[in-house]
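See below for the structure under consideration.
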Amino acid sequence: MALRAAWAGSRLLLRRLRDVMAGSGSAQDRLNRIVGIIARDMVAEVCSIYARRAGDVIELFATEGLKSDAVHSVRFRFGEGIVGVVAATARPIALADAQSHPDFAFRPETGEQNYSSMLGVPVLRGGRVLGVLAIQNRTRREYAEEEIETLETVGMVVAELLAGGELVSVLEQQPTDGLGLAPLRLEGVRLSPGLAMGAAVLHQPAYLTGDPVAEDETVELQRLHEAIDAMHSALDGMIERYGSDQAGDHLDILRTYRMFAEDQGWIRRIREAIGTGLTAEAAVIRVQSDMRARMALVKDAYIQERLSDFEDLTGRLIQHLAGETAQQAARQRDLPEDAILVARNMGPADLLDYEDSQINGVVLEEGSAAAHVAIVAKALDIPVVGRITGAMTRIEPGDRLVVDGANGVCFVRPNDDFQRTFARSMALHAERKAAYARDAALPSVTKDGVPITLNMNAGLLIDLPHLREMGGAGIGLYRTEVPFMVRSEFPDVAAQERLYTAILEQSDGKPVVFRTLDIGGDKIPTYIQEMGEENPAMGWRAVRIGLDRPALLRAQLRALVQASSGRPLYVMFPMIAQTAEMIRARALVDIELERAVERGLPGPSLVRVGAMLEVPSLAYQLASLKRHVDFLSVGSNDLLQFLFASDRGNPKLDGRYDPLSPAMLGMLKSIAETCRTHEIELSLCGEMAGSPVDAMALIGLGYRTLSMNATAIGPVRALVRSIDAGAVTELIESHLQSGAHSLRSVLKSYAVDRGVQI
Ligand code: PEP
Ligand code: MG
């Protein structure tokens with residue numbers, strides 16, 4: 001509602017500004033007139049426009065209300081003063097009492113001591129800050145949301161003037177980081193592992209290339225209508241293409257995305273924006289920036305990912321408005337053979353538009369591990385580094401880039417020496433990968449003859465081919481929630497049964513341990529309402545939801561029972577904290593098995609039911625638990641977080657407590673011993689299993705079955721074949737009481753001395 005009012009109010013203002021833009025006079029003259037019009041229209045005593053100059057500085061270019069001497073002499077660095085903060089953060093700031101704000105930087109030559117309140121918005125184009133537009137008022141006043149939105153829309157018009165090159169030369173607007181072409185090391189987070197080197201290609205910057213003010217509303221609505229239709233058919237084509245080669249989860253992701261493309265709220269808002277006098281392109285971009293600002297405040301990872309899908313659609317719609325499909329645009333663009341895509345964010349369909357053989361890597365300003373684009377990139381074996389601040393402005397098209405997906409780092413314009421070194425390590429990496437694949441058939445037995453079962457963790461159908469490639473013994477953890485997260489609605493029994501059947505069919509007859517839904521915590525599908533928990537990791541999640549909402553869990557168990565007809569069924573419950581929960585969960589499996597018998601369905605050939613040990617309390621109930629489980633799998637990720645009361649998703653605590661700390665090792669040791677006493681089959685499926693040093697410790701503590709990501713199987717097999725399990729047990733025993741923060745360095749030195757492959 002507020003938005004509609006704001007836009008209706010801005011229509012006249014936009015028209016007036018358009019007339020000035022189209023009128024005579026130099027760009028500076030037009031800018032001077034524009035500030036006057038905005039000040040009057042928005043009932044402000046001051047309106048100023050600052051333009052970005054080289055070296056991340058913004059300079060006052062025009063003002064109504066401040067002293068005219070200040071024009072072209074007052075400058076702020078990015079982050080300095082309120083306007084500098086608006087420029088640096090690319091977000092609006094509205095202050096009733098600007099002078100008492102900690103970032104206020106007083107410049108006497110402006111005469112701004114007379115003004116109390118201030119509203120500043122960034123002038124953005126193609127995701128880059130070109131300047132700042134600010135209004136000020138003498139009296140203290142709160143700026144309404146509609147006023148902020150109006151000023152942001154006006155900023156789009158100002159952006160066209162600033163980008164024209166007459167005020168600040170185009171050359172000066174080129175980002176250089178203030179460092180010339182110096183090499184840069186940009187740190188982000190790992191979204192898809194692997195190493196890549198190549199030339200930067202800026203991905204689809206969605207910006208306007210024409211006048212944002214429309215001539216005729218009906219024409220614009222018609223153009224929008226046609227572009228949306230064209231976009232829908234192009235997406236349908238993509239779904240068909242990827243559907244035919246059974247890309248399973250790819251397809252789910254695309255279908256979800258296709259559903260967003262039909263979101264009536266989104267389309268309605270674009271239509272409303274056209275109603276305020278904008279062209280269809282400008283309206284699409286206006287709605288996008290509004291959505292971005294609103295959703296930036298929402299922490300939920302899945303809502304954030306929804307936003308990136310919408311951003312992807314924005315770019316796509318703009319392309320269709322320009323009369324070409326995104327795919328044509330991506331293909332037509334002269335892609336180098338070794339392209340590294342640089343984007344603020346990308347949707348999954350966007351990545352699939354490119355020829356994947358030409359894409360070596362991806363660098364994103366945003367993104368999270370749960371992002372659809374990360375899931376697709378992993379499947380295509382494309383390394384991705386995310387959350388690199390300012391990637392779009394700090395990297396120029398054609399720059400040489402090195403992407404280290406495993407460490408979440410990107411090197412920009414590395415020197416020749418570095419490139420040579422990196423090329424060597426890439427070659428080594430590839431060689432090692434090939435060697436692991438060659439060794440996939442070798443037995444996984446320690447030097448002193450202890451066999452270690454190496455299983456694979458999976459969550460998507462596209463993970464399954466790796467099971468054979470890497471020689472995994474089976475799937476030790478199939479995270480069933482992953483496909484639930486990428487769907488637009490809760491899959492029914494039939495859909496789940498189809499998925500589980502496909503998994504079982506593609507696993508070469510090797511066992512697959514299905515973990516029942518571990519939703520809740522940070523994993524909330526979009527179709528389940530926001531749970532609003534204060535401590536989600538310790539909240540209503542996993543089997544707790546399953547036991548309280550048995551219909552949900554029974555639907556999943558029914559699908560599993562039906563899918564495994566004639567085959568063994570392994571099912572495991574997450575977050576079991578007490579034996580009583582296990583009894584109740586197991587009873588649900590029995591009900592579903594009986595149901596299958598009653599209906600004359602074939603049912604599984606063997607049923608093994610297990611629990612995950614990831615809540616410390618369960619370690620003290622193994623004696624009573626043993627009668628109710630066929631196996632136990634330690635979830636070391638959650639176990640570590642609950643043992644140390646340390647949120648596993650909080651970057652501030654990252655690395656603070658090591659899984660190789662004496663406390664964690666002591667706990668793991670006691671679990672292994674108790675399981676031996678009670679003859680409970682034991683495995684471990686957290687991240688520890690996939691790190692060679694950690695795996696070495698686990699073997700020393702008595703773990704004989706480990707489940708890990710596909711890429712870890714090769715390195716862990718090499719480790720197993722190079723250690724003496726008995727010697728490692730002794731080593732750990734002798735250090736468990738040492739009081740050290742971690743035994744990692746002791747274990748590493750031991751490995752280096754003995755030629756153990758870590
Ligand atoms: C674990 O907690 O160690 C585990 C394997 O489960 P997830 O990482 O899916 O919580
Ligand atoms: Mg867990």
Would you say Arg344's side chain and Glu366's backbone share a donor-acceptor pair under 3.5 angstrom? no

Asp658 and Ser742 side chains, donor-acceptor separation under 3.5 Å: yes

Taken to the nearest 0.5 Å, the spacing of Leu618 CG from Leu639 CG works out to 10.0 Å

For Ala577 and Val615, which heavy atoms make the closest approach, and how far apart are they? CB-CG1, 4.0 Å

Which heavy atom of Phe78 sits nearest a heavy atom of Ala87, and at what distance? CE2-O, 3.5 Å

Working to the nearest 0.5 angstrom, can you tell me the gap between Ser661 OG and Leu640 CG? 6.5 Å

Should Gln556 and Thr480 be marked as a side chain to side chain donor-acceptor pair (under 3.5 Å) after you check the CA-CA gap, both sets of side-chain angles, and the distance that decides it? CA-CA 9 Å; Gln556 184 172 34; Thr480 59; 2.9 Å; yes

Decide yes or no on ring-ring contact (aromatic ring centres under 6.0 Å, His included) for Tyr500 and Phe514, but give the supporting numbers first. CA-CA 9 Å; Tyr500 304 144; Phe514 289 98; 5.3 Å; yes

Output yes when a side-chain donor or acceptor of Ser444 lies under 3.5 Å from a complementary backbone atom of Ile452, and no otherwise. yes

Glu614 (side chain) donor-acceptor with Asp638 (main chain) under 3.5 angstrom: no

Going by the side chain to side chain contact (heavy atoms under 4.5 Å, CB included) test, name the single residue among Gln621, His628, Lys626 that passes it with Ser624. Gln621

Side-chain heavy-atom pair Leu625, Leu613 within 4.5 angstrom cut-off: no

Looking only at the side chains, is there a donor atom on one of Gln578 and Ser617 sitting less than 3.5 Å from an acceptor on the other? no

Flag side-chain contact, heavy atom, 4.5 Å: Leu477 against Met572: yes

Closest heavy-atom contact between Met664 and Ser636? CE-O, 3.8 Å

For Glu187, is there an ion pair with Arg387 - N to carboxylate O distance below 4.0 angstrom? no

What's the spacing between Ile723 CD1 and Leu719 CG if we round to 0.5 Å? 5.0 Å

Note, Val362 side chain near Ile340 side chain (heavy atom, < 4.5 Å): no

Could you tell me whether the side chain of Thr674 and the main chain of Ser670 form a donor-acceptor pair under 3.5 Å? yes

Any side-chain heavy-atom pair from Arg515 and Met612 closer than 4.5 angstrom? yes

To the closest 0.5 Å, what do you measure between CD1 (Ile388) and CZ (Arg394)? 8.5 Å

Pro511 versus Ile475: any side-chain heavy-atom pair under 4.5 Å? no

Counting only N and O atoms by type, is there a donor-acceptor contact under 3.5 Å from the side chain of Glu581 to the main-chain atoms of Ile576? no

Closest non-hydrogen atom pair between Ala689 and Leu706, with its separation: CB-CB, 3.9 Å

Does any part of the side chain of Leu731, heavy atoms only, come nearer than 4.5 Å to the side chain of Val746, both counted from C-beta? yes

I want to check something: taking the side chain as every heavy atom from C-beta on, are Asn455 and Thr705 in contact at a cut-off of under 4.5 Å? yes

If I compare all heavy atoms of Pro574 with all of Thr516, which pair ends up nearest, and what's the gap? CD-OG1, 3.2 Å

In plain terms, say whether Arg190 and Asp404 are close enough for a salt bridge, that is, a side-chain N and a carboxylate O under 4.0 Å apart. no

Look at the side chain of Tyr703 and the backbone N and O of Leu668, then say whether any donor-acceptor pair between them is shorter than 3.5 Å. yes

Please check if the side chain of Ser646 supplies one atom and the backbone of Phe642 the other of a donor-acceptor pair under 3.5 Å. no

Within the 4.5 Å heavy-atom criterion, are Leu736 and Leu665 side-chain neighbours or not? yes

Counting only N and O atoms by type, is there a donor-acceptor contact under 3.5 Å from the side chain of Ser691 to the main-chain atoms of Met688? no

Is there a donor-acceptor pair closer than 3.5 Å between any side-chain N or O of Thr729 and the backbone N or O of Gly700? yes

Shortest non-hydrogen contact between Arg656 and His741, atoms and distance: O-CE1, 2.9 Å

SB check Arg544 Asp518 (cutoff 4.0 Å): no

Would you confirm whether Asn637, through its side chain, and Glu687, through its main-chain N or O, come within 3.5 Å as a donor-acceptor pair? yes

